[in-house]
Protein chains: 2
Amino acid sequence: MKIGELAKRSGLTAHTIRYYERIGLLPYADRDRSSRRDYDPSILVWIEFLGRLKTTGMPIRDMLLYAELRDQGSGTEAERRALLERHRESVRAHVDELNACLLVLDTKIGGYAETEQRMKEYDATLAERRRKPVGARSSRAR
Amino acid sequence: MKIGELAKRSGLTAHTIRYYERIGLLPYADRDRSSRRDYDPSILVWIEFLGRLKTTGMPIRDMLLYAELRDQGSGTEAERRALLERHRESVRAHVDELNACLLVLDTKIGGYAETEQRMKEYDATLAERRRKPVGARSSRAR
DNA sequence: CTACGAGTTTGAGTGCGCTCTAAGTCAAGA
DNA sequence: TCTTGACTTAGAGCGCACTCAAACTCGTAG
C-alpha cells in the first residue's frame, strides 16, 4: 500500500504519516525500488490505536514512549501495561470532570430557559391586558 | 483585590489574567491611582465558568464569542443559550468517544494481564519440574 | 518523448494558548 | 532615604502537533 492509499484508509494525511515516521511514532516503512514507502495493511491497526491514545489526550511524547517499548518487543510488557493503566486512570478522571462540567452547563442552560419562559409569560400578560384593559381580572391568575 | 490575590484565588497566573483581559475574555479591570488592576471578587465566578468551558475543550475564540454576547447584555440570551447547547452536545459526544476508548484500553490492558498470567503459570511449571524432574507427573495437569 | 501525478527529502511556517522578558512605576517598611 | 517587591506595558518566545513549500525523482498513459 502506498502512502496515499494509507492516508485515505487511516484518516491521516500523507504529511502526517511522514511526520509520525520521522518522530518514531510509526516504524520506518519499507521503500520500493524508487524509494516510495510501501505499507503492510497491518500498520492500520497500530495507527488506529494511536488514534485512540490521541483522542484520549495522550501527548505524543507518551505515545512515543509506548511505541519505543513496543519496538523493543518482549520484556517490556509490564512497563507498557503500567503506562496504559496510568493513562486509563487519567482518562477516567477527565471523564468525571467533563461530567461535572456537563451538570454546570445544564444548570446554566436551564437558567436561560427559565428567563425565556418568564419573558414569554410576561408577553402573554401584556397581550391579555390589551384584550381586557385596566380593571379587568386577569384570566392567567388561576 | 490585586492581580496577585486574584491569581492565587483563581488558579490562573497574573500573566494569564492580563492575557485574558488583553484578548477580551476578561473585562477591562478598573485601575487604582497607580494604574494597578483592582478586582471585584465577583470576577471569580466568571473565571470559574471560563475554566469549565476550557476544561470541556471550548476554544478561546468561542469563549470570546460568549463573552462578547454577555457584555452586550440583555437581548443576547437566546444566542448565548444556543452556543452553550451546541457546546454541551459536543462535550457529550466527546464523553461518549472517551468511554469507547476506555473500553479499548481495558481490553488492551486485559491482554497484557493475560500474558503476565500465562508467564507466571509457565514459571510455576518450570519450578514444579525442578522439584519433580523428568518422568514425574505434573500436579498442575489436573 | 513528454507530460502528469504521486511520491521523495529537508526544513520552514502555522495556530493555539499561554509564558516570559525588559524596562519601568509605585508604595510601604527598615 | 533606600530597598524590596508587587505591579505596569508592549512585545518576543515557547511547546505542541501538525502543515506546507521547494526542489526533486519516478512510473505510466497518451
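Side chains are part of it too, since the values below use all heavy atoms of this structure and drop only hydrogens, waters and symmetry mates. Sequence lines set the chain letters: A, B, ... in the order given, protein chains first and strands last, and positions in each chain run from 1.
The phosphate of C/dC26 (OP1 or OP2) has no side-chain N or O of B/R36 nearer than 4.0 angstrom. OP1 or OP2 of C/dG17 has not a single side-chain nitrogen or oxygen of B/Y20 nearer than 4.0 Å. OP1 or OP2 of C/dT9 lies within a sub-4.0 Å distance of a side-chain N or O belonging to A/R37.
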Please set out all donor-acceptor pairs under 3.5 angstrom arising from side-chain atoms of residues 35-46 of chain A, sequence neighbours excluded.
{"unit_1": "A/R37", "atom_1": "NE", "unit_2": "A/E21", "atom_2": "OE1", "d": "3.0"}
{"unit_1": "A/D38", "atom_1": "OD1", "unit_2": "A/M1", "atom_2": "N", "d": "2.8"}
{"unit_1": "A/D40", "atom_1": "OD1", "unit_2": "A/S42", "atom_2": "N", "d": "2.8"}
{"unit_1": "A/D40", "atom_1": "OD1", "unit_2": "A/S42", "atom_2": "OG", "d": "3.0"}
{"unit_1": "A/W46", "atom_1": "NE1", "unit_2": "A/L25", "atom_2": "O", "d": "2.9"}

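Between B/L26 atom CG and C/dC18 atom C1' the separation is 14 Å, expressed in whole Å. Atom CZ in A/R22 sits about 12 Å away from atom P in C/dA12, given to the nearest Å. Between the CZ atom of B/R18 and the C1' atom of C/dA22 there is a distance of 13 Å, given to the nearest Å. Between the P atom of C/dT25 and the CZ atom of B/R31 lies a distance of 17 Å, rounded to the nearest Å. Distance, A/E21 CD to C/dG7 P: 14 Å, rounded to whole Å. Rounded to whole angstrom, the span from the CG atom of B/L25 across to the P atom of C/dG17 amounts to 10 Å. If you measure from atom NE2 of A/H15 to atom P of C/dT8, you get 11 Å, rounded to the nearest angstrom.
Bracketed by its first and final contacts, the part of DNA chain D lying under 4.0 Å from non-hydrogen atoms of chain B reaches from D/dA6 to D/dG11 in 5' to 3' order.
A side-chain hydrogen bond (donor to acceptor under 3.5 Å, both in side chains) with B/E5 holds for exactly one of B/K2, B/R9, B/K8; it is B/R9. A/Y112 pairs in a side-chain hydrogen bond (donor to acceptor under 3.5 Å, both in side chains) with only one of the listed residues (B/E79, B/R81, B/R80, B/E85), which is B/R80.
A/I47 approaches A/S10 most closely through the heavy-atom pair CG2-CB, 3.9 Å. Summarising the geometry of B/D62 relative to B/L83, their closest heavy-atom pair is O-CD1, 4.2 Å, with the distance given to 0.1 Å.
No salt bridge links B/E89 with B/R86; every basic N to acidic carboxylate O contact stays at or beyond 4.0 Å.
With C/dT19, C/dC18, C/dT9 as the candidates, the nucleotide lying closest to the side chain of B/I60 is C/dC18.
B/R31 places a side-chain N or O within donor-acceptor distance of the main-chain N or O of B/A29, the cut-off being under 3.5 Å.
When the nearest nucleotides of DNA chain D are assigned to B/G4 and A/T16 by heavy-atom distance, the more 5′-ward of the two goes with B/G4.
Heavy atoms of A/R33 sit nowhere under 4.0 angstrom from any nucleic acid atom.
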